[in-house]
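Below: one structure, written as structure tokens.
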Amino acid sequence: MSNKEYNFGKIEKKWQDFWESNGLFRVDNECDKDKFYCLVMFPYPSGTLHVGHGRNYIIGDVVSRYKIMKGFKVLSPIGWDAFGLPAENAAIANSIHPSIHTRNNISKMKVQLERWGVGYDWDREVTSCEPDYYKWTQWIFLKLFESKLAYKKKAAVNWCPSCATVLANEQVVDDLCERCDTRVEQKDLEQWFFSISDYAQRLLDDLETLDGWPEKVKTMQANWIGRSEGAKINFKLEGTDETIPCFTTRPDTIFGVTFMSLAPEHPIIKELINGTEYEKPVSGFVDRVRGQSTIERTSEGTVKEGIFTGRYVINPVNDEKVPLWVSNYALMEYGTGAVMAVPAHDQRDFEFARKYDLPIKIVIQPSNNETTLRPEDMEEAYVEDGVQVNSSQFDGIPNREAIPKIINFFEEKGIGERNINYRLRDWLISRQRYWGAPIPIIYCESCGAVPVPENDLPVLLPDHVEFKPHGRSPLDDVDEFVNATCPKCGSSAKRETDTMDTFVDSSWYYLRYLSSKDNTQAFDSEDVNKWLPVDQYIGGIEHAILHLLYSRFITKVFFDLKLTNFNEPFRNLFTQGMIVKDGAKMSKSKGNVVNPDLITEKYGADTQRLYTLFIAPPQRDAEWNDRGVIGSYRFLNRLWNNITEFEGHFKNVPDTEIKRDLFSEKSKELYRHINITIKKVTEDIEKSWSFNTAIAAVMELLNMVVDFSTGLKDKEFNDETDINDLNVLRLSLESIVKVLAPFVPHICEELWEILGHKPGIFSVPWPAYDEDAIAADQVEMVIQINGKVRSKLVVPSEINEDDLKSLVMNDQKIIENLDGRKIIKTIVVPRKLVNLVVR
RNA sequence: GCCGAAGUGGCGGAAUUGGCAGACGCGUUAGGUUCAGGACCUAAUGUCCGCAAGGAUGUGGGGGUUCGAAUCCCCCCUUCGGCACCA
């Protein structure tokens with residue numbers, strides 16, 4: 001009997017080298033068999049990974065390895081989302097160049113990833129801050145520019161004073177910078193945008209095709225896109241030929257308009273009040289409101305305020321003259337910046353009207369004739385459905401039916417039209433920072449904004465730069481960079497000095513993996529068409545909107561440019577939960593980071609992997625418990641010891657086929673449970689990614705195996721039954737090793753070898769199970785009286801109901817409990833229970 | 001305010017076509033082993049009553065449907081996430 005020690009350090013190194021030298025994860029671009037593109041969100045090289053990060057990569061690795069055993073050709077690449085502010089901030093703090101800082105971090109993290117035993121095709125590694133990558137990010141900018149999907153405009157944008165740069169709407173959370181939690185300010189700046197809002201409808205519609213995405217993520221995206229259907233109606237400005245358009249989702253209330261509200265930013269305000277007695281007070285109001293932060297202006301408690309402009313607009317449906325106001329609750333970013341106010345049927349308008357004593361006109365009455373609304377009695381707006389009143393030819397029509405009729409009426413009369421509005425704004429991609437891909441544009445006095453010709457790409461980031469942020473891009477101060485010649489006319493010109501949002505880098509990296517070394521094109525269309533969409537994408541829920549929406553947009557742009565033939569980048573998406581410690585997200589500042597290197601050192605990577613998978617269902621947040629790790633370690637040791645103890649036996653006793661006629665009671669039961677376990681693990685992985693219960697099932701099986709093997713240890717194996725028993729034991733251990741291989745690959749490789757097989761468990765097919773062997777001959781049935789368990793009986797599983805009932809009626813415990821009471825009803829659930837209803 | 005997810009022992013969690021609540025693991029307790037610590041092995045472990053056999057009770061709270069509810073229905077509470085003066 002040999003009893004080797006479980007030397008995880010040695011074993012893990014051995015098999016990591018083995019996979020590397022055998023190219024387990026290295027695939028070419030040919031699709032000669034079922035392909036499977038398994039993608040984990042590429043990491044930002046922050047320097048160190050903690051055990052919480054590990055979950056993402058470990059889950060991805062389980063999926064990859066499982067699919068390999070299922071016979072798929074698996075593409076599992078990795079790279080680095082390497083541009084971004086932290087590297088620049090670190091450079092400012094420690095005077096290390098961001099590129100050096102980033103490269104150092106990448107090499108540290110690469111070691112960590114390898115230590116976990118997560119397998120990637122490193123030949124495809126991409127790093128977004130390297131010129132051979134960002135050259136193509138710039139090329140993508142040019143493609144969008146050519147397609148009129150990249151444009152520059154002056155707009156009120158979010159400015160983070162701490163990061164000293166602008167931010168996209170998606171990067172502002174509750175008025176705070178998503179990255180540093182600083183309150184953002186509004187600034188009017190000239191900035192570059194991508195026209196993602198042109199794609200709003202498609203981004204919304206195609207969510208329905210994403211069956212493999214969590215509903216939650218789809219809902220979040222749908223909310224973010226925020227489609228609302230309605231009409232745009234033109235109100236004539238009294239005494240002029242000008243019209244002010246406004247958007248409404250309630251054209252049915254058009255006859256109830258009693259005033260109009262303009263957003264303080266509305267460009268028409270100036271000319272409305274110019275030279276009038278209203279000029280001073282109105283511009284005073286506008287300045288005051290615009291000085292407020294978005295939070296102050298838009299939070300629920302904010303009181304509605306406004307001021308009359310002295311002007312009137314004409315309601316085009318009834319020629320009524322209504323006053324034109326400026327109010328703080330009208331937003332320039334939504335619709336047209338002008339609101340037709342219907343106080344009777346809109347709560348905000350109602351509050352405003354009450355405050356400034358504006359008229360309230362009812363145009364919809366509740367359909368149940370019991371109550372009739374009267375303006376003077378109303379305490380809030382009536383926003384429910386009803387029947388049109390005071391609406392001339394539409395009177396008497398239910399308001400829902402009136403909506404399309406009224407819109408048709410607008411269109412016939414040329415006063416308005418059907419219109420759809422989206423909350424989604426264009427994607428602001430300019431950043432006033434150094435560590436990003438320069439926007440490939442040159443400004444020429446005579447030619448304007450000229451794109452850098454493709455041949456001149458990449459526009460290289462200069463090395464020697466003063467990083468201190470001062471509100472302009474640090475590149476602004478680098479003369480060699482700024483000064484250029486116009487590609488069109490050859491005269492001297494200036495480069496754009498803003499860099500791109502790092503979400504541009506990450507919006508297309510999954511394509512680059514197919515062509516990571518190709519310096520002639522961003523990606524090879526034929527290859528990406530073969531391998532994409534990604535079969536399984538795995539990452540954090542925090543990217544539900546940002547990265548995932550941007551990537552969908554870019555994918556659709558490529559599709560439209562006929563560069564690719566797929567409409568969506570990610571067929572299936574899995575969002576894993578966070579691992580928390582002491583109830584909080586792990587972070588250096590909170591000091592609750594669990595260092596994976598220490599765990600690997602003490603217990604090994606396999607233990608860490610197993611615990612990470614066992615801790616909770618993977619989509620749920622989970623609390624890391626250092627003590628809990630030991631349970632996984634114990635389990636692996638028990639498995640190790642059981643196999644190594646029998647190593648000699650397995651070598652000496654012939655590995656003959658299992659003979660069912662030689663089954664003992666115990667070996668038959670074990671054989672049954674081998675099959676049950678294989679089935680359970682397969683289904684848990686396939687159907688619900690319930691790795692925690694899959695592992696629990698294997699633990700149960702091992703507990704049974706340990707019990708079984710105790711009786712076998714000292715046998716001589718001279719008779720057939722004992723040999724058969726040993727081979728059932730062998731089968732059970734081999735099955736455990738196979739089904740655990742995706743979870744704890746190193747120890748399984750080693751044990752597979754110890755069990756006498758040639759190295760390489762991932763070339764072994766995933767085990768099948770024998771459905772016939774799963775059925776039990778005997779089952780334990782629960783016997784209830786009035787729903788309470790009173791006895792249990794072991795009966796043949798195919799027993800007929802009469803035999804069963806007579807067994808129940810002869811059961812001593814049941815007789816005692818019945819105590820002569822009368823049985824009214826007997827419920828029999830085959831193989832499960834009998835319930836006697838008595839009185 | 002609207003939409004969504006969740007709430008089960010001391011802890012992580014399991015059980016969903018309604019059928020033994022608490023699988024599996026951690027922790028705890030007792031015993032074994034060990035010079036000792038650790039590691040390991042065996043047993044117990046929801047709560048309450050009981051020496052025990054056994055009984056009662058129990059899945060956020062309250063009601064309901066059912067022979068039977070963690071699971072289905074209604075109302076409510078708490079936590080988390082998303083959206084929110086979006087016309």
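Chain identifiers are assigned alphabetically (A, B, ...) following the order of the sequence lines, protein sequences preceding nucleic acid strands; residue numbering begins at 1 within each chain.
- For residues 322-332 of chain A, the pairs satisfying side-chain hydrogen bond (donor to acceptor under 3.5 Å, both in side chains) are A/S261-A/S327, A/Y329-A/D349, with sequence neighbours left out.
- Backbone-only contact: A/V837 has heavy atoms under 4.0 Å from sugar-phosphate atoms and none from a base.
- When heavy atoms are screened at a 4.0 angstrom cut-off, A/N692 is found touching the sugar-phosphate backbone but no base atom.
- In this entry B/G27 has B/U45 as its Watson-Crick or G-U wobble partner, both defining distances falling under 3.5 Å.
- Minimum atom distance to the side chain of A/I630 is reached by B/C26, of the listed B/C26, B/A87, B/G82.
- Taking 4.0 angstrom as the limit, A/R250 places none of its side-chain polar atoms (N or O) nearer than this to OP1 or OP2 of B/C86.
- When distances are taken from the side chain of A/A696 to each of B/G55, B/A87, B/A23, the shortest belongs to B/A23.
- Among the heavy atoms of the strands, none lies under 4.0 Å from A/A544.
- Remark: A/K355 NZ is packed, more than 12 non-hydrogen atoms of other residues, nucleotides or ligands lying under 6.0 Å away.
- Here A/R638 lies in heavy-atom contact (under 4.0 Å) with sugar-phosphate atoms only.
- A/E623 comes within 4.0 angstrom of no nucleic acid atom, judged by non-hydrogen atoms across all strands.
- A/N637 comes within 4.0 angstrom of nothing in the nucleic acid, heavy atoms only.
- Nucleic acid contact class of A/Q784 (heavy atoms, under 4.0 Å, all strands): base.
- Using a 4.0 Å cut-off between charged side-chain N and carboxylate O, A/K680 and A/E700 make no salt bridge.
- Nucleotides B/C73 and B/C86 are separated by 32 Å at their P atoms, to the nearest Å.
- Summarising the base pairing, B/C51 is matched to no nucleotide, lacking a Watson-Crick or G-U wobble pair whose two defining distances lie under 3.5 Å.
- For A/W224 and A/E170, the side-chain atoms include at least one donor-acceptor pair closer than 3.5 Å.
- Considering only the side chain of A/R627, B/C26 comes nearest among B/A87, B/C26, B/C67.
- Within the 4.0 angstrom heavy-atom criterion, no nucleotide atom of any strand lies near A/N421.
- Across all strands shown, A/R790 has heavy atoms under 4.0 Å from sugar-phosphate atoms exclusively, and none from any base.
- With rounding to whole Å, A/Q221 atom CD is found 18 Å from B/G4 atom P.
- Pairing partner, B/U78: B/A6, with both Watson-Crick or wobble hydrogen-bond distances short of 3.5 Å.
- With distances taken from any side-chain atom of A/N328 to the nucleotides B/C83, B/C85, B/G25, the minimum falls on B/C85.
- One cannot find a donor-acceptor pair under 3.5 Å joining the base of B/C83 and the side-chain atoms of A/N223.
- For a distance-only test at 3.5 Å, the side chain of A/K792 qualifies as a donor-acceptor partner of the base of B/C20.
- In this model, a donor atom of one side chain and an acceptor atom of the other lie less than 3.5 Å apart for A/S197 and A/D426.
- Residue A/V339 has its side chain nearest to B/A87 when only B/C85, B/A87, B/C40 are considered.
- Backbone-only contact: A/I615 has heavy atoms under 4.0 Å from sugar-phosphate atoms and none from a base.
- At a threshold of 4.0 angstrom between heavy atoms, the contacts of A/E215 with the nucleic acid are absent.
- Summarising the base pairing, B/A36 is matched to no nucleotide, lacking a Watson-Crick or G-U wobble pair whose two defining distances lie under 3.5 Å.
- B/G58: no Watson-Crick or G-U partner with both key distances under 3.5 Å is found in any strand.
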